[in-house]
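Structure, as structure tokens:
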There are 2 protein chains.
Amino acid sequence: MPRGKYGVSEAVIRRLPKYYRYLKEMEKAEIQRVSSKELSQRMGLTASQIRQDFNCFGGFGQQGYGYNVTELRQEIKKILGLYRNYNVIIVGAGNLGQALANYSNFEKEGFFIKALFDINPRLIGMSIRGIEVLDIDQMEEFVKKEPIDIGVISTPKAKAQEVADLMIKCGIKSIWNFAPIDVEVPPDVVVENVHLSDSLYTLAFKMNNGS
Amino acid sequence: MPRGKYGVSEAVIRRLPKYYRYLKEMEKAEIQRVSSKELSQRMGLTASQIRQDFNCFGGFGQQGYGYNVTELRQEIKKILGLYRNYNVIIVGAGNLGQALANYSNFEKEGFFIKALFDINPRLIGMSIRGIEVLDIDQMEEFVKKEPIDIGVISTPKAKAQEVADLMIKCGIKSIWNFAPIDVEVPPDVVVENVHLSDSLYTLAFKMNNGS
DNA sequence: TAGATTGTTAATCGATTAACAATC
DNA sequence: TAGATTGTTAATCGATTAACAATC
């Protein structure tokens, strides 16, 4: 398994957005410095783990002082790759696809939804926050004109693999998959799954097991 | 950290719904038996891990044969707690809340959405698949009449903690949280987070790091 | 300077993988 | 019976935690 620029484990990667979230909050609250100890208490981690995590990327702190909140937030923003913009399309303009298109917070971090696609004639032609719903047949042409970084799959399960294949054919290298199936992709394509049912079943398990 | 009936790690818990998903597919494809080896190939795990996972719960296989697909699926269904029904309410009837209410698949596994709640007068009175959107002020009364197992938070971040507090006050012990914040709850309450932005940022990180 | 807190190395813990006897 | 595959124990690997010298 190749591990790009930063040789970093999945566990660390998953914590990065959480650090980013907490640091944004602290910045908003005008907190200027933070120690690994204080951050650990806020986030429910250990101070050791936090320092280990940051040192995967080179250490942004200062002995005796801690971390500058703004600086640390910016570093993590950089690591996550949020200092550039991403063009996004959503395939599947049903309720979930529309909900995602309506969620304007993604834009604030540079994720711009350029179009939705569907096969349903009733949806095609619609517009959500000014984003058009187009026929899936137009997708290939659309992506040729406007390079797309991320493809979102919000179709039913039965169509998900087909949609993934089409995205890959169009040269899209990153897929955010909401369909309850693990789509198969070539090794240069990244997939991030949001399996809502899996999450709900996990909750069911935990509530029956008091953990 | 107390670990209910089954003393099982988070990593194992997270794999259970995935097993369930694959086994359902195989059952649909009328596959009757499966070995840990074959399942490992389908799922991208190791056979060892699969056998270890199942043996957390007591081993459902037979030497020389493998596992009966239907039986195994049923066992996992039992472990997950999907042989009972769950009453669910959704607080926040915006796009995401509506999308969740519209997603009829949850019902098939026994999760019944009993009502949505909101503060927006424009949404109150609406009906989604026959599920009413009520005023949040009616929630406490509603939950008294109809016991609710799971509360879904699909409000903006700013309201999430308040909503969680209200749910807890109403006796709800399980929260499925879609707001981009970690709500604080007493130790007997279970929270499962779906942090969409975290997931998206993870994807951004990975696409910039070729992992 | 003295106190605080990092960056980093070492120790521990837990999860995954390997191996194999048991047995269908 | 012979072959296959589990359940389970042991070995390995990786991630988390602890400890502490470096240094602000």
Side-chain angles (χ1 to χ4, degrees), chain A residues 1-4 6-16 18-19 22-23 26 31-76 79 202 205 211, chain B residues 1-4 6-16 18-19 22-23 26 31-76 79 202 205 211:
Chain A
M1 245 171 252
R3 281 228 200 111
Y6 306 113
V8 139
S9 75
E10 184 75 16
V12 175
I13 296 172
R14 296 269 157 211
R15 281 192 291 270
L16 291 174
K18 190 170 171 175
Y19 288 126
Y22 276 80
L23 289 164
M26 290 173 74
I31 297 165
Q32 271 156 35
R33 54 163 283 213
V34 68
S35 65
S36 57
K37 189 175 170 214
E38 202 208 324
L39 195 55
S40 75
Q41 286 158 350
R42 285 174 182 264
M43 295 184 63
L45 304 171
T46 65
S48 246
Q49 185 169 55
I50 288 174
R51 292 202 299 279
Q52 287 279 23
D53 282 357
F54 293 165
N55 277 91
C56 294
F57 307 99
F60 319 115
Q62 197 173 299
Q63 278 107 326
Y65 173 84
Y67 302 87
N68 176 294
V69 171
T70 299
E71 209 179 278
L72 183 57
R73 202 217 77 226
Q74 286 171 345
E75 289 293 345
I76 292 175
I79 293 163
T202 301
F205 176 86
S211 69
Chain B
M1 246 171 251
R3 282 230 198 108
Y6 306 114
V8 139
S9 74
E10 183 76 16
V12 175
I13 296 173
R14 296 267 157 210
R15 281 193 292 271
L16 291 174
K18 188 170 172 173
Y19 288 125
Y22 276 81
L23 289 164
M26 291 173 75
I31 297 164
Q32 271 155 36
R33 54 162 285 214
V34 68
S35 66
S36 57
K37 190 176 170 212
E38 202 207 326
L39 195 54
S40 76
Q41 285 157 351
R42 285 173 182 265
M43 294 184 63
L45 305 170
T46 67
S48 245
Q49 185 169 53
I50 289 174
R51 293 203 299 279
Q52 288 279 24
D53 282 358
F54 294 167
N55 277 90
C56 294
F57 308 100
F60 320 115
Q62 195 172 301
Q63 278 108 327
Y65 172 85
Y67 303 87
N68 177 294
V69 171
T70 300
E71 209 179 277
L72 183 57
R73 201 216 79 227
Q74 286 171 346
E75 289 293 345
I76 292 175
I79 293 163
T202 301
F205 176 87
S211 70

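First the proteins, then the strands, lettered A, B, ... as listed; each starts at 1.
The separation between Ile50(B) atom CD1 and dT5(D) atom P is 13 Å, rounded to whole Å. Distance Phe57(B) CZ to dG7(D) P: 13 Å, rounded to the nearest Å.
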Identify all pairs in which a protein N or O lies below 3.5 Å from an N or O of nucleotides 9-11 of chain D, and state each distance.
| residue | atom | partner | partner atom | Å |
| --- | --- | --- | --- | --- |
| dT9(D) | O4 | Gln52(B) | NE2 | 2.8 |

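Within the structure, every pair that satisfies the side chain to side chain donor-acceptor pair (under 3.5 Å) test and touches residues 41-53 of chain A, not counting sequence neighbours, is listed here: Arg15(A)-Asp53(A), Tyr19(A)-Asp53(A), Ser36(A)-Arg51(A), Glu38(A)-Arg42(A).
Remark: Arg15(A) is in phosphate contact with dT16(D), judged by side-chain N or O atoms under 4.0 Å from OP1 or OP2.
Under the rule for a side-chain hydrogen bond (donor to acceptor under 3.5 Å, both in side chains), the partners of Arg14(A) that lie at least two apart in sequence or sit in another chain are Glu10(A), Glu192(A). Partners of Phe60(B) under the ring pair (Phe, Tyr, Trp, His ring centres under 6.0 Å) rule, at least two apart in sequence or in another chain, do not exist in this structure.
Closest approach of Cys56(A) to Val8(A), counting heavy atoms only: CB-CG2, 3.5 Å.
As judged by a 4.0 angstrom heavy-atom cut-off over every strand, Phe54(A) is placed among residues making no nucleic acid contact.
Between its opening and closing five pairs, the helix from dG3(C)-dC24(D) to dC24(C)-dG3(D) changes axis direction by 20°, a value rounded to 10 degrees.
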For this session: Go along nucleotides 19-24 of chain D 5' to 3' and tag each nucleotide: B for a protein heavy atom under 4.0 Å from its base, S when only backbone or sugar atoms are that close, - otherwise.
Result: BB-BBB
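Around atom NZ of Lys18(A), more than 12 heavy atoms belonging to other residues, nucleotides or ligands sit under 6.0 Å away.
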Per-pair distances, 0.1 Å, donor-acceptor, side chain in residues 63-71 of chain A, under 3.5 Å, sequence neighbours excluded:
| residue | atom | partner | partner atom | Å |
| --- | --- | --- | --- | --- |
| Asn68(A) | OD1 | Thr70(A) | N | 3.0 |
| Asn68(A) | OD1 | Glu71(A) | N | 2.9 |
| Thr70(A) | OG1 | Glu27(A) | OE2 | 2.9 |

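Within residues 37-46 of chain B, the residues approaching DNA chain C are Thr46(B), by heavy-atom distance under 4.0 Å.
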